[in-house]
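Just the heavy atoms: all of them, side chains too, but no hydrogens, waters or symmetry mates, feed the values below. Everything quoted here is computed from the prediction, not taken from an experiment.
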Amino acid sequence: MPKTPAKVHELIKLPDGGGGRLPLISRMKQKLSGVVWLCLFATMASAETNLFVAADGSAPFHTVQSAIMSVPSGSRENPVVIHIAPGTYRELIYIQREKSFFRLVGTNPTNTVLSFNLYAGITNAEGKPIGTFKTPSTTIDADDFSAENLTFENSAGPVGQALAIRVDGDRASFRNCRFLGWQDTILLNRGRQYFESCYICGHVDFIFGAATAWFEKCEIHALRDGYLTAASTPVDVPYGYVFSRCQITGEPGVQTYLGRPWRIYASTIYLNCDMSEVVRPEGWNDWKKPEAHTTTRYAEYNSTGDGASPTNRPDWIKQLTSAEAKKITLEKVLGGADGWTPTAPSVDPRFGATKRDIVYGEAGGEKLFLDAHVPAGEGKFPVALIVHGGGWMTGDKETDIVPVFAPVATNFTWFTINYRLAPESRWPACFEDVQTAIRWVKLHAAEYKGDPNRIALLGYSAGGQLVTLAGTHAVADTQVQAIVGFAPPTDLVADNERRGGLSVSMKNLFGFDTTNITDDVRKVLKENSPLTYVQPDLPPFLIVQGSTDKTVPVNQSLAFQEKLKGAGVSCDMIVIPEAQHRIADWTKFDPDWQGKLMAWLNAKLPAK
């Protein structure tokens, strides 16, 4: 059984892996506190499937590969989790086909680096070049792999094909990771992959292969003139690469193409992406394959930024309509026959919704649905109305809050809603839907053993903005007894000013035709900021926030709390040390945060 490392204080002093940056969307702290690493080690070491690696010898394994080889396959219920201390691990890493359900977990991608330096031109024992496919620093051959907070690097430099990673496994996911290389950084050879808040850099075909992959809120960074993607999607596979709400950036003076077809049925789609001036006006290249003009499946929807130039794109590139883009969902692209959903932890059926797809309203020609959970027992139970996040543009009633709330809220009747999303539905559609849901819940709570006089609104991220705004706008038919915001944007003016311009989400939500924060734009942002409407006699508020959140900085929530208290309104905060924006990760940093949440709710919604 692994022992607690004797040199915990040294684990955070290992050198930076060097090179690259984090995604603009998800900058992270350079160091994890030794206390957090110690607690992580001590609390997990008793589980057989938790392994620990530290390059300085202070953990049972000194290399990542030795940890991988020490155990056989994991399982869905009991995955193998390898915790990697900060450091640069210069080794070839291979997860073979039989080793399914493996997770590699770092503490920070800027200082936890998996690196090697093979490139295609290196000769083998026979004096022949090894070729592209023998160069990956990391190879994932197994299904159901995941990685978090790591850098995957090929350090060979601009010397031709040199892969940082090759993925042949199905259902692989990567979160808060960096992929550093030049030509052919990432080979997605087969299966389905999901990337969230990742940074990927290179210059020629640096995302390539035949797999189906979804990139959510990633930064794709061009180091030199070249091509971002080279898909080789098979003709009978409906989707190749989908980039959703990503940022395309590059070094000064660089000019790049969005993609070129390695094979003629290549499929690559950009949805709601912000493209800097590094993207060429024509956008796409045919690789001197004129026949590909009728076979490739290249498309864009709602591209923004200086590199968005739909009128200059070739006529064989499809500009999607709103209705067409709406059909391209994560579930449709990655779901497959097994219904894979990489973004949401599964909810134990004992705690999940007991009634699904209940119509709570109709707007804009579409029905609005919610799910409900009714506890066992007589009631009347306190009620929670849950509003999901997703940047006002994505998300679903079963994601983010439900997986972390449902298991601890067994004494609550709860409802979780879908609402209309941008850009198809502009503001105030989503806010009106939340108000409609409040009215419906107040009217129907008793039918689900709920107490209509003990209702709390819970919202995460964009949903947090919606519930805190609803809490400050309440009139008699929308008034509730408590508000909980999980990392809620409460000051849209300050939030966008710190970014240096409007976010893609804000531009799409309000239908602005500029990313500049003009006086008119600032007025709209202020009019829809919860901070603007703080006044006496509001219900009590609770803000739950990670201390290192870069998407919604904790200072924004502290300012909101200060203004509420100044108006005589109760506002408490749970600040989770070292945690970032992703709610699913918060338990790693504070295992008791859900207990604190429930204690607050029970205190504010007492039985009468």
- Message: side chain to side chain donor-acceptor pair (under 3.5 Å) for H388 and T399? Distances and angles first, verdict last.
- Response: CA-CA 7 Å; H388 68 78; T399 60; 4.9 Å; no

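- Shown here are the side chain to side chain contact (heavy atoms under 4.5 Å, CB included) partners of K327, two or more places apart in sequence or in another chain: K332.
- In summary, the side chains of Q247 and H221 do not present any donor paired with an acceptor at a separation below 3.5 Å, with no hydrogens or angles considered.
- Put simply, the residue from T185, I200, L228 that forms a side chain to side chain contact (heavy atoms under 4.5 Å, CB included) with I207 is I200.
- Applying the ring-ring contact (aromatic ring centres under 6.0 Å, His included) definition to pairs two or more places apart or across chains, those involving residues 314-339 are H293-W316.
- For W284, the ring-ring contact (aromatic ring centres under 6.0 Å, His included) criterion is met by Y270, Y298, not counting sequence neighbours.
- Under the 6.0 Å cut-off for aromatic ring centres, Y460 and H581 qualify, their centroids lying closer than that.
- By the 30° and 60° cut-offs, the orientation of the rings of F510 relative to F512 is tilted.
- Ring pair F215/F243: centre-to-centre distance below 6.0 Å.
- Residues meeting the ring-ring contact (aromatic ring centres under 6.0 Å, His included) test with F206, sequence neighbours left out: none.
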- Query: Could you walk me through whether W392 and Q465 pass the side chain to side chain donor-acceptor pair (under 3.5 Å) check?
  - Reply: CA-CA 10 Å; W392 302 272; Q465 182 264 344; 3.0 Å; yes

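- With sequence neighbours excluded, the residues that form a side chain to side chain contact (heavy atoms under 4.5 Å, CB included) with N516 are T514, T518.
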- Query: After noting the C-alpha distance and the side-chain angles of R245 and T394, does the key distance pass the side chain to side chain donor-acceptor pair (under 3.5 Å) rule?
  - Reply: CA-CA 10 Å; R245 296 187 292 166; T394 64; 2.8 Å; yes

- Task: Mind running side-chain contact (heavy atoms from CB on, under 4.5 Å) on V504 and K217 for me, showing each step along the way?
- Result: CA-CA 10 Å; V504 173; K217 295 183 180 178; over 6 Å; no

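- Partners of F179 by ring-ring contact (aromatic ring centres under 6.0 Å, His included), not counting sequence neighbours, listed by chain and number: F152, F174, F195.
- The residue from D144, D338, D143 that alone fulfils the salt bridge (Lys or Arg N to Asp or Glu O under 4.0 Å) condition with R192 is D338.
- Taking 4.0 Å as the cut-off between side-chain N and carboxylate O, R522 and D519 count as a salt-bridged pair.
- Considering R582, R103, R178 as possible partners of E148, the one that fulfils the salt bridge (Lys or Arg N to Asp or Glu O under 4.0 Å) test is R103.
- Looking at Q556 and D495, their side chains do bring a donor and an acceptor atom within 3.5 Å of each other.
- Within a 6.0 Å sphere centred on OH of Y94, heavy atoms belonging to other residues, nucleotides or ligands number more than 12.
- For Y227 and H203, the ring centers are positioned 6.0 Å apart or more.
- When the shell of 6.0 Å around NZ of K289 is examined, it contains more than 12 heavy atoms from other residues, nucleotides or ligands.
- If you check the side chains of T548 and Q580, you find no donor sitting under 3.5 Å from an acceptor.
- A donor and an acceptor atom, one from each side chain of N528 and W427, are located under 3.5 Å apart.
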